Amino acid sequence: LSQGISPDTRYPAPGTWRVPGCQGDCTISNYDGAGHGNIPLREAMRASVNTVFAKLVVDVGVDNTVAVARSLGLERLDPNHNYGASLALGAAETSPLEMASAYGTFANRGVRAAPTGVLKVIDRDGNVIVDNTHPTGTPVLDQKVADNVTDVLTGVVERGTGKTARLEGRPVAGKTGTAQSYRAAWFV
């Protein structure tokens with residue numbers, strides 16, 4: 001989105017996509033195995049269409065994707081590693097804390113606040129030793145970009161793969177993820 005691609009930009013969504021220039025068996029398939037024609041990125045996110053996002057990462061640049069992800073808090077990503085299109089599908093290691101931090105940046109309209117496990121420490125005399133109750137943040141995304149991401153992620157919960165996370169009377173945005181052979185599942 002920061003490169004000017006709209007959530008309504010249409011992408012081809014084949015059931016299986018062969019990564020260009022890759023040696024060997026380098027195919028990425030959709031979770032449901034089906035093709036979806038040419039669909040808007042917004043719809044691809046809602047339906048969790050893997051082939052669209054793998055191609056998108058290649059189009060915008062894997063290194064650019066790593067740089068943005070690191071700025072959002074996915075600090076385990078090595079900027080010197082040779083990642084590929086599968087980065088879009090969660091092929092790199094991360095943690096729940098890093099994911100929460102990154103998604104929190106979207107909700108915070110592009111401002112990243114580093115996660116902390118301790119809000120306040122007070123000694124036995126009532127003196128404040130540590131106070132993290134008013135964190136300072138760092139703008140890492142344009143506010144419009146962050147707002148667009150949040151808007152797209154609301155579709156995942158309203159009518160997509162994360163609809164069981166809906167809450168009555170409260171806005172919810174998030175993304176599901178499932179590992180191969182259903183070994184693990186995420187909802188952020």
Side-chain angles (χ1 to χ4, degrees), residues 1-96 98-103 105-106 140-142 145-146 148-157 159-163 173-188:
L1 298 176
S2 62
Q3 291 186 17
I5 297 171
S6 160
D8 298 314
T9 299
R10 298 182 82 79
Y11 255 74
T16 300
W17 179 66
R18 178 154 177 65
V19 179
C22 186
Q23 306 288 340
D25 183 24
C26 301
T27 58
I28 293 175
S29 299
N30 293 328
Y31 170 78
D32 60 6
H36 297 269
N38 285 324
I39 63 173
L41 291 175
R42 174 185 312 281
E43 181 67 16
M45 182 71 76
R46 183 197 65 72
S48 204
V49 181
N50 294 340
T51 56
V52 167
F53 292 100
K55 183 168 178 10
L56 181 62
V57 163
V58 169
D59 288 353
V60 301
V62 175
D63 291 343
N64 291 333
T65 303
V66 169
V68 170
R70 285 182 55 81
S71 76
L72 293 171
L74 299 180
E75 295 170 353
R76 291 182 191 205
L77 290 178
D78 181 352
N80 300 312
H81 189 276
N82 188 21
Y83 296 105
S86 62
L87 180 66
L89 309 179
E93 186 173 314
T94 188
S95 71
E98 284 185 335
M99 293 298 283
S101 175
Y103 278 68
T105 303
F106 302 138
V140 296
L141 277 183
D142 179 87
V145 170
N148 267 315
V149 170
T150 299
D151 180 59
V152 168
L153 293 174
T154 61
V156 173
V157 177
R159 60 191 182 289
T161 57
K163 59 187 166 197
K175 182 66 184 87
T176 60
T178 306
Q180 285 184 322
S181 303
Y182 308 102
R183 288 188 309 259
W186 283 87
F187 179 77
V188 182

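All values reported here derive from a predicted model rather than from experimental measurement.
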Taking atom [atom1] of [X] and atom [atom2] of [Y], what is their separation to the nearest 0.5 Å?
{"X": "Leu153", "Y": "Thr176", "atom1": "CG", "atom2": "OG1", "result": "10.0 Å"}
{"X": "Arg159", "Y": "Thr154", "atom1": "CZ", "atom2": "OG1", "result": "7.0 Å"}
{"X": "Asn50", "Y": "Leu89", "atom1": "CG", "atom2": "CG", "result": "4.5 Å"}
{"X": "Asp142", "Y": "Leu1", "atom1": "CG", "atom2": "CG", "result": "10.0 Å"}

Student check: side-chain heavy atoms of [X] and [Y] closer than 4.5 Å:
{"X": "Trp17", "Y": "Val58", "result": "yes"}
{"X": "Val152", "Y": "Arg42", "result": "yes"}
{"X": "Asp59", "Y": "Ile5", "result": "no"}
{"X": "Leu74", "Y": "Met99", "result": "yes"}
{"X": "Leu41", "Y": "Ser6", "result": "no"}
{"X": "Leu77", "Y": "Leu87", "result": "yes"}
{"X": "Thr94", "Y": "Trp186", "result": "yes"}
{"X": "Phe187", "Y": "Val157", "result": "yes"}

### Message
Tell me whether the count of non-hydrogen atoms from other residues, nucleotides or ligands lying under 6.0 Å of CD in Glu93 goes above 12.
### Response
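No, not enclosed.
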### Task
Inspect the surroundings of CG in Asn38 and state if more than 12 heavy atoms from other residues, nucleotides or ligands are less than 6.0 Å away.
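Enclosed.
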Taking the side chain from [X] and the backbone from [Y], do they hold a donor-acceptor pair closer than 3.5 Å?
{"X": "Ser95", "Y": "Glu98", "result": "yes"}
{"X": "Asn30", "Y": "Thr51", "result": "yes"}
{"X": "Arg46", "Y": "Gly155", "result": "no"}
{"X": "Arg70", "Y": "Glu75", "result": "yes"}

What are the two closest non-hydrogen atoms of [X] and [Y], and how far apart are they?
{"X": "Val66", "Y": "Pro79", "result": "CG1-CA, 4.1 Å"}
{"X": "Ser29", "Y": "Thr16", "result": "OG-OG1, 3.1 Å"}
{"X": "Ile28", "Y": "Ala85", "result": "CD1-CB, 4.0 Å"}
{"X": "Val49", "Y": "Ala13", "result": "CG1-CB, 3.7 Å"}
{"X": "Ile39", "Y": "His36", "result": "CG2-O, 2.9 Å"}
{"X": "Pro7", "Y": "Asn148", "result": "CG-OD1, 3.9 Å"}

### Query
Please, which pairs that meet ring-ring contact (aromatic ring centres under 6.0 Å, His included) have at least one residue in residues 57-82, sequence neighbours excluded?
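Matches after skipping sequence neighbours: His81-Tyr83.
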#### Entry: Worked verdict on Val149 versus Tyr103 for side-chain contact (heavy atoms from CB on, under 4.5 Å)
CA-CA 9 Å; Val149 170; Tyr103 278 68; over 6 Å; no
